[in-house]
Amino acid sequence: MEGAILQTIQLTKSFDGMQPVLKEISFSINKGEVVVIVGPSGCGKSTFLRCLNRLEEIDAGEILLDGENISEAGKNIYEYREKVGMVFQSYELFPHKTVLENVTLAPVLVQKRNKRQAREEAEKLLKRIGLLEKKDMYPRQLSGGQKQRVAIVRALIMNPEILLLDEITAALDPEMVREVLQVVSELAREGMTMIIVTHEMDFAKAVADRVIFLDKGEIVEEGEPKEFFSYPKTERAKKFLNTFHYEALEI
Amino acid sequence: MDLSFISAYTPMYIEAAGLTIRIALYGIAGAFGVGILCSLIKELNIPVLKQLAQIYIELSRNTPLLIQLFFLYFGLPKLGIVLSSETCAVTGLIFLGGSYMAEGFRAGIDGVPQIQRESAYSLGMTKKQTFWRIVVPQAVATSVPVFCANIIFLIKETSVFSAVALADLMYVTKDLIGLYYKTDEALFMLVVSYLVILLPISLLSSYMERRVRYAGFGNTGIVSGH
């Protein structure tokens, strides 16, 4: 596929020989595109993101970044992960490091960037999300929404080619969801390539270029957000959209 | 209570306390080293060494220090290895403490959630970088209470050193009781000596435990949200 930045070909994943969690997923995303993945809990959407960041080994299939198969044995997994940023539901900032240290650790350690230059860039990014004055605080002194915004900055400073967001607002109080989604919307506007797993249907509608509906480890439906949310084609997608409020309760 | 007896023999107790502290310091430092080494061997999953470390830990935790000392002091000479009382005492303390330190540190390492590592991996950090920069600092912080408890435990265990003819606090006390029948005074001074050594350490460790509770990095009381 031409123009695809990240692509999977028949990606299959199962845990301990059980029923596959992901069944031959073929997927691709173009540069600057925002794809939102929705689906019921346990449908495999988080596992899919974890496979894309190679936090999970895949059983079969291929993952291609810029056309290069990175799921082959012997490929430099660390170099690959540098280019594929990830943000987790539970923030996962490093509790023993200040906000600034959290953001500058990987650029200095992994990319061998100049310490001062990394700090300046970190400060610039923190300023953009309105958290510059918190730079010397520790994660536990921040609110959930602030932590998640720092986690986004921590991934961004690596200049990833693509960003994976795994239910990043699911652990947040409602009033904090907005401040985090605001940052994500801005990134989308600036042309950041992103794959977003979320239960925020309104947000998905607003930010997505394309929506993928995943159920029981398969891509059941795929389309433009307007079309998908207003006129879902499959029965399973209809059923999911009718009941997703109950789904949200299960988080 | 014979106060003149107490004041006359105080210097002797101070000297014995000095010896106890010195040996405890060597022993605790050594136990730290052995403990960290063992937990690293287990964490890095090194074959053979891993099994050896486990055997050592079981052996150390399931035998009393007194028996370990007897083995070193009376058993080893039969194999041609003669150690001084002091060497025996330090070695015994390291042998006993190493396993406790190892298990404490191990629990600290296990206590760092897997997703913390994954979060570091996702930034391109290697396993080694992740272990030293992310896991170890958090593990050390959560292990502090266990380390403190172990240090106090090991200092208390030094009271059996007299069994290998080391002139420590217990030895001096038994000596004085045997020589002068001043049981009350001698035991009183023994208790006071141990309290003088242990109370400051105990207070210091509760202070440190408070500081690292919940791995409370940057705990200044300003905690907002969750």
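Since this is a predicted model, take the numbers as computed values, not measurements. In what follows, every chain begins at residue 1, and chains take the letters A, B, ... in the order their sequences are listed.
With chain B as the partner, the residue from A:Leu164, A:Asp136, A:Ile77, A:Val110 showing the most heavy-atom pairs under 4.5 Å is A:Val110.
Both the backbone and the side chain of A:Met86 come within contact range of chain B, judged by heavy atoms closer than 4.5 Å. Proximity to chain B is limited to the backbone of A:Val84, based on heavy atoms less than 4.5 angstrom apart. For chain B, no part of A:Thr98 is nearby; none of its heavy atoms comes within less than 4.5 Å. Residue B:Arg117: no heavy atom, backbone or side chain, is found under 4.5 Å from chain A. Residue A:Phe94 touches chain B through both its backbone and its side chain, counting heavy-atom pairs closer than 4.5 Å.
In the displayed structure, A:Lys115 atom NZ is contacted under 6.0 Å by at most 12 heavy atoms of other residues, nucleotides or ligands.
Residue-level contacts of residues 45-52 of chain A with chain B, in order of numbering, are A:Arg50; threshold 4.5 Å between heavy atoms.
The residues B:Lys42 and B:Glu103 are annotated as salt-bridged, a charged nitrogen and a carboxylate oxygen being separated by less than 4.0 angstrom. For A:Glu57 and A:Arg54, the salt-bridge test passes: some basic side-chain N is under 4.0 Å from an acidic carboxylate O. At a threshold of 4.0 Å, the pair A:Glu190-A:Arg128 counts as salt-bridged, since one of the basic side-chain nitrogens sits closer than that to a carboxylate oxygen. For the pair A:Glu120 and A:Arg113, the salt-bridge criterion is not met [side-chain N within less than 4.0 Å of a carboxylate O].
Remark: A:Asn114 pairs with A:Arg116, A:Gln117 by the side-chain contact (heavy atoms from CB on, under 4.5 Å) rule, at least two apart or across chains. Annotation: ring pair (Phe, Tyr, Trp, His ring centres under 6.0 Å) contacts of B:Phe153 (sequence neighbours excluded): B:Tyr100.
Under the 4.5 Å side-chain criterion, counting only non-hydrogen atoms from C-beta, A:Arg154 is in contact with A:Leu93.
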Using distance only, find each side-chain donor-acceptor pair of residues 15-37 of chain B under 3.5 Å and give its atom names and separation, not counting sequence neighbours.
unit_1, atom_1, unit_2, atom_2, d
B:Thr20, OG1, B:Ala16, O, 3.1
B:Arg22, NH1, B:Glu86, OE2, 2.8

